[in-house]
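Structure first, commentary second.
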Amino acid sequence: GMAKLSDSPVILVGDIDRGGVFASIYGTIQLMDEEERHRIRGVIINKFRGDIDILKPGLDMLEKLTGVPVLGVLPYANIDLEEEDSLAEQLTEREKSKDAKLDFVVIRLPHISNFTDFDVFQLFSEVSVRYVTNRQELGNPDVVFLPGTKNTMEDLRWMRQIGLETEILKRHEKGTLVFGICGGFQMLGQSLADPDGSEEGGSMRGIGLLDTYTVFLSQKRRTRTRGMICSKCGVLKAMEMHPVCGYEIHMGKTTGGEKAVAFTNLENGEIDGYTNIDGTVYGTYLHGFFDGTDMAKDFIQQLLAQKGEEVEQLETISIESYKLQQYDRLADLLRKHLQMGQIYAILDEWRKQP
């Protein structure tokens, strides 16, 4: 559909690591209508392990059957790129790393979104990041993260039905920090109301760890923003005035009650997130909150200090620099194994169209 809208040529990529790639590519092309097939200008085989000479007879057969050139075969490579969906391998991580000093648990909600918010923690050997789907897997973490979700109310209901909400409340009473981002932040409040049916309509009780109230609106807020931590209480009190940055993409508006303490102020003067009086629960709408300069490092150091762990100076890691390194590695791999001349020719042909 997007190719039709932009009148663009298409390169079809098949994942050989899952098996059946030749049948998959051939079947996909044959099932297209003539206009769609006409857009397919090349095929790429991705994630190949082994000797490419063994694959060549199959590549020749694929070209003869489809009439579409194979533009290259990419080898399987250990490149750390952000995942896009619920098939991400890190979402299957359930066990705490033995050498880690801190255990971070992310609730793997049925409609989880923007889980790359926690990727930065995996760059620190001091931290173990686990994704859990039931109360038996929860354990005794140092932090429970409630991530973003495409359906806040339904996922909160799911947590309630399987007993995860109760277990999180128990862990919080014993000293576990609870941190919500976007939909997870909304869940932590007193109530959620959806008068316009933006999600599913009606209203429901929140987890109740923050004195906040969320109303879903018909218009989605989408913006990049900056600000700073303004909270003077709790685990993160030493991070007051720390700059924050990220992006918002949500339907709801959250306001604080009398017991809510502002956590982050945005540069436009608005309050973004809230904490409780004790500073043991935090919430923010900002995705990418921990990607900012030294944010993850300083957060980890505060938690280690609270546990009485000997705090060494952690290495400063720039998640942006790390991402760029990974994409540079991918670019080098593409240049080496793909017929870039043919790909550029496809692009040039498209650019010259009236």
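Proximity of a side-chain donor or acceptor of Ser113 to a complementary backbone N or O of Thr149 within less than 3.5 Å is detected. No donor-acceptor pair closer than 3.5 Å links the side chain of Glu165 to the backbone N or O of Met159. Proximity of a side-chain donor or acceptor of Glu126 to a complementary backbone N or O of Leu102 within less than 3.5 Å is not detected. Checking side-chain atoms of Asn276 against main-chain N and O of Val281 turns up a donor-acceptor pair under 3.5 Å.
The number of heavy atoms from other shown groups lying within 6.0 Å of CG (Asp99) does not exceed 12.
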- [ ] Determine, step by step, whether Arg108 and Glu137 satisfy the salt bridge (Lys or Arg N to Asp or Glu O under 4.0 Å) criterion, reporting the C-alpha distance in whole Å, the side-chain angles of both residues, the deciding distance to 0.1 Å, and the verdict.
- [x] CA-CA 11 Å; Arg108 184 178 175 178; Glu137 296 170 342; over 6 Å; no

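Tyr247 does not carry Arg224 over the face of its six-membered ring by the limits of under 6.0 Å from the centre and within 45° of the normal.
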Which donor-acceptor pairs under 3.5 Å do side chains of residues 236-243 form with protein atoms, sequence neighbours excluded?
from: Glu240; atom 1: OE2; to: Lys232; atom 2: NZ; distance (Å): 3.2
from: His242; atom 1: NE2; to: Asp298; atom 2: OD2; distance (Å): 2.9

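Relative ring orientation between Tyr285 and Phe185 is described as perpendicular, the plane-to-plane angle rising above 60° on a 0-90° scale split at 30° and 60°. Note on ring orientation: taking the six-membered ring where Trp is involved, the planes of Phe179 and Phe289 are tilted (angle from 30° to 60°). Taking the six-membered ring where the residue is Trp, Phe121 and Phe299 present tilted rings, their angle falling between 30° and 60°.
Phe104 has its side chain out of reach of Pro141: every pair of non-hydrogen atoms, C-beta onward, lies at least 4.5 Å apart.
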